[in-house]
Amino acid sequence: MEKFVITGGKKLKGRVKISGAKNGVLAMMPASILAPGIFRLFNVPNLRDVWTMSRLMNDMGIYSELNDSELFIDSRNIHSFEAPYEHVKKMRASFYVLGPLVARFGKAKVSLPGGCAWGPRPVDLHIKGLQKLGAEITIEGGYVIAKANRLIGSRIHLDIPSVGATGNILMASVLAKGSTIISNAAIEPEITALAKFLVKMGAKVEGIGTNTLEIEGVDELCSTNETVIPDRIEAGTILIAGAITEGNVTIESCNPYHLTSIISKMEEAGCEFDIHEDKITVKLDGPPNPVDITTSVYPGFPTDMQSQWVAFMLKAIGVSKITETIYPDRFKHVPELQRLGAEIEMSENTAIVYGGKQLTGATVMSSDLRGSAALVLSGLIAKGTTEVLRIYHIDRGYESIDKKLRLLGADIVRVQTEDY
Ligand code: UD1
């Protein structure tokens, strides 16, 4: 096992490059199931979740290899249509293989993901959508078993604009017979990027970037190459790292447009920005103002930035409210932050943060990906040494976060540990 040892108090300064989007590439990799061929994806982050998806696809007969940031995929020899529990339990995005498998091969057996660290995470909308496209679905022994001759286009309205359900149904519908309309679809940038990737593969999709996707099914698709969009959550996290340490940090290779809600809240908190086409500089002198946020679907404030915002508000002089509407229980980081001396009260799905108290270093435990980012951010401003355990969580979604923060002047090291 590895842990981070952080000595707080350094103001971050300098520039760092943002990696490709985890949630972007995790949707694109399964799309390669839809066509036999050689794909090349560029700007792919080297992350545990990408390895998990590669292993899962490898077991299905899809060879993949990541060199630097180029991912080579060969999907010509698929021989298994199953996503076993051992992979899906590690990463819910594994469920993305369901739609493409049933669309291309008419069969799939995919483990149900179950819950996660912050509560239940259903997949009912994925299943209902695929059923509307004509798939016959049964649940047996914890697995979703889907069968179909050829899927048939349909009108599908999502009760909630779920990112995963939109992606799965979209990937299934591109090979269905006839037209499909997905209304109340997610418009997260990673879904828009997936739709554009599918179009490059020969799919017919209209309404990309809007919440109504119109798909005209085609008989076959072909392989292609594509560049993964920048990771907006990594970008937001590093912007907060700059601001929370009262530093001056530039992030490069990012898409400022995808960060609008985060930048606007950080401006309210007193941060100054210099924004260019693919580059953002943030500066903050002194503590931030307390600013409330409520998470919502894109373009609202992302749930994946909620825990980092809690950490940021620990530095603000005053009280702020952080309300989680996507995953009401997503507050596993709060008790760990309290171990650093944070004063936070929970009231249902709202964290009330009494900021401005000096945090003191302690040993804390990561329990999920974004929660561990909040622990690292807090370690950067805590007095003394903070040890963050179970950093495999952060490695799932941040490429070399320790190296990037060190490049900006943070005192953070990765060390082997017996601690679990
Ligand atoms: C994706 C992201 C995750 C992010 C989340 C919300 C990936 C790999 N992961 O997760 O980082 O936090 O979007 O932006 O892209 N829901 C249902 N039924 C379903 C599906 C979802 O009720 O069948 C509910 C969920 O419980 C949740 C909400 O819809 O309350 C949003 O979930 P969803 O958008 O599906 O998240 P994921 O795709 O799992």
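Note that the structure is a prediction, hence the values are computed from the model and not measured. In this chain, numbering begins with 1 at the start of the sequence shown.
Between the CG atom of D304 and the CZ atom of R232 there is a distance of 7.0 Å, given to the nearest 0.5 Å. One distance of note links CG of L194 with CG of N23; it measures 11.5 Å at 0.5 Å rounding. Rounded to the nearest 0.5 Å, atoms CD (E399) and CG (D402) are 11.0 Å apart.
Of the residues R396, R92, K90, R55, the one that meets the salt bridge (charged side-chain N to carboxylate O under 4.0 Å, His left out) test with D49 is R396. Each of R370, R330, H333 was checked for a side chain to side chain donor-acceptor pair (under 3.5 Å) with Q306, and the lone residue meeting it is H333.
Between P302 and S261 there is a side-chain heavy-atom pair separated by less than 4.5 Å. With a 4.5 Å cut-off on side-chain heavy atoms, K3 and V415 count as touching. At least one side-chain heavy atom of M53 sits under 4.5 Å from a side-chain heavy atom of P30. At a threshold of 4.5 Å between non-hydrogen side-chain atoms, the residues Y398 and V376 do not count as touching. Proximity of E226 to F39: side-chain heavy atoms (C-beta onward) are nowhere separated by under 4.5 Å. Contact annotation: the side chain of L284 approaches that of F312 to within less than 4.5 Å [non-hydrogen atoms, C-beta and beyond]. Taking 4.5 Å as the limit, some side-chain heavy atom of R104 sits within range of a side-chain heavy atom of I78. The closest side-chain heavy-atom distance from W51 to N46 is below 4.5 Å.
Contacts of E272 classified as side-chain hydrogen bond (donor to acceptor under 3.5 Å, both in side chains), with partners at least two apart in sequence or in another chain: none.
Using a 30° and 60° split on the angle between ring planes, F301 and W309 fall in the perpendicular class, above 60°.
Of the possible donor and acceptor atoms, none in the side chain of Y354 sits under 3.5 Å from a partner among the backbone N and O of E345. Side-chain atoms of S75 come within 3.5 Å of backbone atoms of S32 as a donor-acceptor pair (strictly under, hydrogens ignored). A donor-acceptor pair under 3.5 Å is absent between the side-chain atoms of E343 and the main chain of L314, judged by distance alone. Between the side chain of N255 and the backbone N or O of P230 there is no donor-acceptor pair closer than 3.5 Å. Between the side chain of T250 and the backbone N or O of R15, no donor-acceptor pair lies under 3.5 Å. Side chain of R48 to backbone of H393: no donor-acceptor contact under 3.5 angstrom is found. The backbone N or O of T385 lies less than 3.5 Å from no partner atom in the side chain of T7, so there is not a single donor-acceptor pair. Using modelled atom types, one side-chain atom of D292 and one backbone atom of K321 make a donor-acceptor pair closer than 3.5 Å. Side-chain N or O atoms of S400 include none that pairs as donor or acceptor with a backbone N or O of K403 at under 3.5 Å. Although no hydrogens or angles enter the test, the distance criterion places a donor-acceptor pair under 3.5 Å between the side chain of N184 and the main chain of L158.
A salt bridge is defined here as a Lys NZ or Arg NE, NH1 or NH2 lying under 4.0 Å from an Asp or Glu carboxylate O, and K22 with D231 fails to meet this definition. Between E246 and K11, at least one side-chain nitrogen of the basic residue sits less than 4.0 Å from a carboxylate oxygen of the acidic one, meeting the salt-bridge criterion. Ion pairing between D395 and R414 holds under the 4.0 Å rule for side-chain N and carboxylate O. Note on K109 versus E140: no salt bridge recorded, every NZ/NE/NH1/NH2 to OD/OE distance being 4.0 Å or above.
In this structure, Y85 places its OH atom where only 12 or fewer heavy-atom neighbours from other residues, nucleotides or ligands lie under 6.0 Å away. When the shell of 6.0 Å around OH of Y257 is examined, it contains 12 or fewer heavy atoms from other residues, nucleotides or ligands. With a 6.0 Å radius and a threshold of 12 heavy atoms from other residues, nucleotides or ligands, K357 has its NZ atom above the threshold. Heavy atoms from other residues, nucleotides or ligands lying under 6.0 Å from CD of E206 number 12 at most. Residue E136 qualifies as open at atom CD: its count of foreign heavy atoms under 6.0 Å is 12 or below. Residue K147 qualifies as open at atom NZ: its count of foreign heavy atoms under 6.0 Å is 12 or below.
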Inset, instruction - Report the C-alpha separation of I240 and M266 in whole Å, then their side-chain angles, then the decisive distance to 0.1 Å, and conclude whether the side chain to side chain contact (heavy atoms under 4.5 Å, CB included) test is met. - result: CA-CA 8 Å; I240 290 191; M266 288 182 76; 4.0 Å; yes
Legend entry - Criterion side chain to side chain contact (heavy atoms under 4.5 Å, CB included) on S54 and M29, from CA distance to verdict: CA-CA 8 Å; S54 285; M29 290 171 76; 3.5 Å; yes
Inset, instruction - Go through the steps to decide whether L133 and I152 satisfy the test side chain to side chain contact (heavy atoms under 4.5 Å, CB included), and finish with yes or no. - result: CA-CA 5 Å; L133 294 174; I152 298 171; over 6 Å; no
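Heavy-atom minimum distance, V163 versus A186: CA-CB, 3.7 Å. Closest approach of P287 and I317 over heavy atoms only: CG-CG1, 3.8 Å. Here the closest non-hydrogen pair linking A135 and V102 is CB-CG2, 4.3 Å. Nearest heavy-atom pair, F331 versus A351, reported as atom, atom and distance to 0.1 Å: CE2-CB, 3.8 Å.
A donor-acceptor contact closer than 3.5 angstrom links the side chains of E324 and T303. Using modelled atom types, one finds a donor on one side chain and an acceptor on the other under 3.5 Å when comparing K404 with S19.
Pairs engaging residues 152-161 under the side-chain hydrogen bond (donor to acceptor under 3.5 Å, both in side chains) rule: H157-S183 [sequence neighbours left out].
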